[in-house]
Amino acid sequence: MLPSYYEFINPVKIVSGNKAVDNLPYELDQLGAKRPMVVTDQGVVMAGLLKVVENAIADSKLSIGAVYDTTPPDSSLEVVKEIAGIYHSNQCDSFIAIGGGSSMDTAKGVNIAITEKSDDLSRFAGAEMLKNRLRPFVAIPTTAGTGSEVTSVAVISDTENNVKMPFTSHYLLPNVAILDPRMTLTLPPKLTAATAMDAMTHAIESYINLQKNPMSDAYATAAIKTIQENVVNAVKNGKDADTRLALANAATMAGIAFSNSMVGLVHSLGHATGGICHVPHGIAMSIFLPFGMEYNLEKASGVIGELLLPLGGSELYAATPKSRRAEAAIKIIRKLQTDLYSLCGLPMNLKDAGVPRNRLEQIAQAVMDDGALTFNPEAVNQADALRILKLAYE
Amino acid sequence: MKKTISLEKKIKKIFVRIVMFVLGKAIQSASRWDSIVRHEVARWPDGFTVALEVLPWGPRMSMKKQDGCLKYLGAGPGDVNLLISFKNIECAFLVFSGLMGSEQGFIEHRMTVKGDLAVALSLIRIINLIEVYLYPGIISRRLVKRVPGLSMKQHLLRLYIMLIGIPTGL
């Protein structure tokens, strides 16, 4: 059924395929850029991925204005300020963000600071606070999970005041996202599994929650099917370029889906657990996903049941009575959890993820402040959140 | 070309202006006496200002956190910390007439938010509760995801808000 009203946006050009990074100079030229700044992290450098980009730029009329390669795991205002200074002093005119969510978010933050000519990024925190088109921005993800290459969000930490500042604006959508299997070939098995489960959660939550629409549904179901078909092989055989490219595409599709229909309870639980106990986001998503689906069964069993088709295939879908499809879909997610645990030790509960039991109450309280709850089909209060946390504990 | 606003839209604007007044006064009163609203407002920075407006020319209502409570300021100051803008009068009418919950309005992009999203969500939770107080159960069940069971104290508070809170803001 169509929603009574919805909005959808995805102006990001997707460039996908083997050696797609070699198209980077052409794409930057199309955007009118001449001296891009690269924002990345040490993991990318150590894996030799920065070299892939530098090689592509070397054989072009462009020149890299500056490289910032020490982006920390949590983007912060200090780092944004430092990079903005480097951008200015090297007369850069555009951005290439290479990495996971942190490099992308940091580069987006710098882009705001540069375009708005302001050191005080907090003035632009919140929703739709940007009024000016930002500098050209090309995103090259090196994990298949966050979807930051196609989302209109950036989260930057204000370490002085100990708060995370969210920025949402369609101006934050990159101009181009380049998906090249070479950029994810070196991702270790556990990180491959965790980031894929992050993407799976983006897709499933966007399909289940209240802002779903036909466009986001199409991206979500395609992402779910692709992840389900490829994640185990990517963990077992990380050097398989086709599988890597499939997962990169799935993460991008999931990103487009959730950027337009948002996420829900699973992300609220994950954000709170990550904020308090520093559980990596993908691991938290993997742990909470089946519990989030179960919690929403009463309000959304119909749409959860529809997910059996991309998750289990047409034969299983046809053989399962409509009333049992939602439970069957959740069962497949639990089976995937077990498979990933045995293949690479991806934690299946909060205890294994290192969460002390005495922090559950605090996490439940933090869940209530998370915006994603608004989009969850079922209402959630603090007692509900604590109950799920206890169920997910061991 | 001379632009003429239809009578229907003019009536809707008057209706929304009245509901904004009722909502503003009800929130002001509830922020004094309702423990849930007080708990929400306690986490807002002191002096925080918020406005709800209909683009492009209003109507508009604003509130300010003052002495731990929310004070209704009428149309209020131009510059506020949190601005929730309905994209047009039709969007505002849906929400202010009880045809659609404020949360659903947010989900359907009927409004835009400029400012702190956490406070915006807190405000939506407050408006949800006020809707439960102001509307009969048959309507409020359509407007919020879960209608909380009201205690005897809350039923009395509901009466107080309707009879004293809205006319006086106390």
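To find a chain, count down the sequence lines: A is the first, B the second, and so on, and within it residues start at 1. All of these numbers come straight from a predicted model, not from anything done at the bench. When reading the values below, keep in mind they use all heavy atoms of this one structure, side chains included, and skip hydrogens, waters and symmetry mates.
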- [ ] Tell me the residues of residues 290-306 of chain A whose non-hydrogen atoms fall below 4.5 Å from those of chain B, in number order.
- [x] Y295(A), K299(A)

TODO: For each of K114(B), R125(B), H109(B), tally heavy-atom pairs with chain A at distances under 4.5 Å, and name the one with the top tally.
DONE: H109(B)

Open item on the list: Could you check whether R133(A) makes a cation-pi contact with Y171(A), meaning its NZ or CZ is under 6.0 Å from the centre of the six-membered ring and within 45° of the ring axis?
Closed with: no

TODO: Ignoring hydrogens and angles, tell me if any N or O in the side chain of R38(B) forms a donor-acceptor pair with the backbone of G68(B) under 3.5 Å.
DONE: no

- [ ] State whether the number of non-hydrogen atoms from other residues, nucleotides or ligands found under 6.0 Å of K13(B) atom NZ is greater than 12.
- [x]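 It does: K13(B) NZ has more than 12 such atoms within range.
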
Task: Residue L121(B) versus chain A: region with a heavy atom under 4.5 Å - done: side chain

- [ ] May I ask you to say whether R387(A) pairs ionically with D384(A), meaning some side-chain N is under 4.0 Å from a carboxylate O?
- [x]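 Judged by the 4.0 Å cut-off on N to carboxylate O distance, R387(A) and D384(A) do form a salt bridge.
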
Task: Salt bridge K9(B)-E90(B), side-chain N to carboxylate O under 4.0 Å - done: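 Here K9(B) pairs with E90(B) in a salt bridge, since their nearest N and O are under 4.0 Å apart.
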
Task: Interface moiety of M368(A) toward chain B, non-hydrogen atoms closer than 4.5 Å - done: backbone

Open item on the list: Checking side-chain polar atoms at under 3.5 Å, does E361(A) have a donor or acceptor matched by the opposite partner on Q365(A)?
Closed with: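 No.
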
Task: L157(B) side chain reached by M162(B) side chain, heavy atoms, under 4.5 Å - done: no

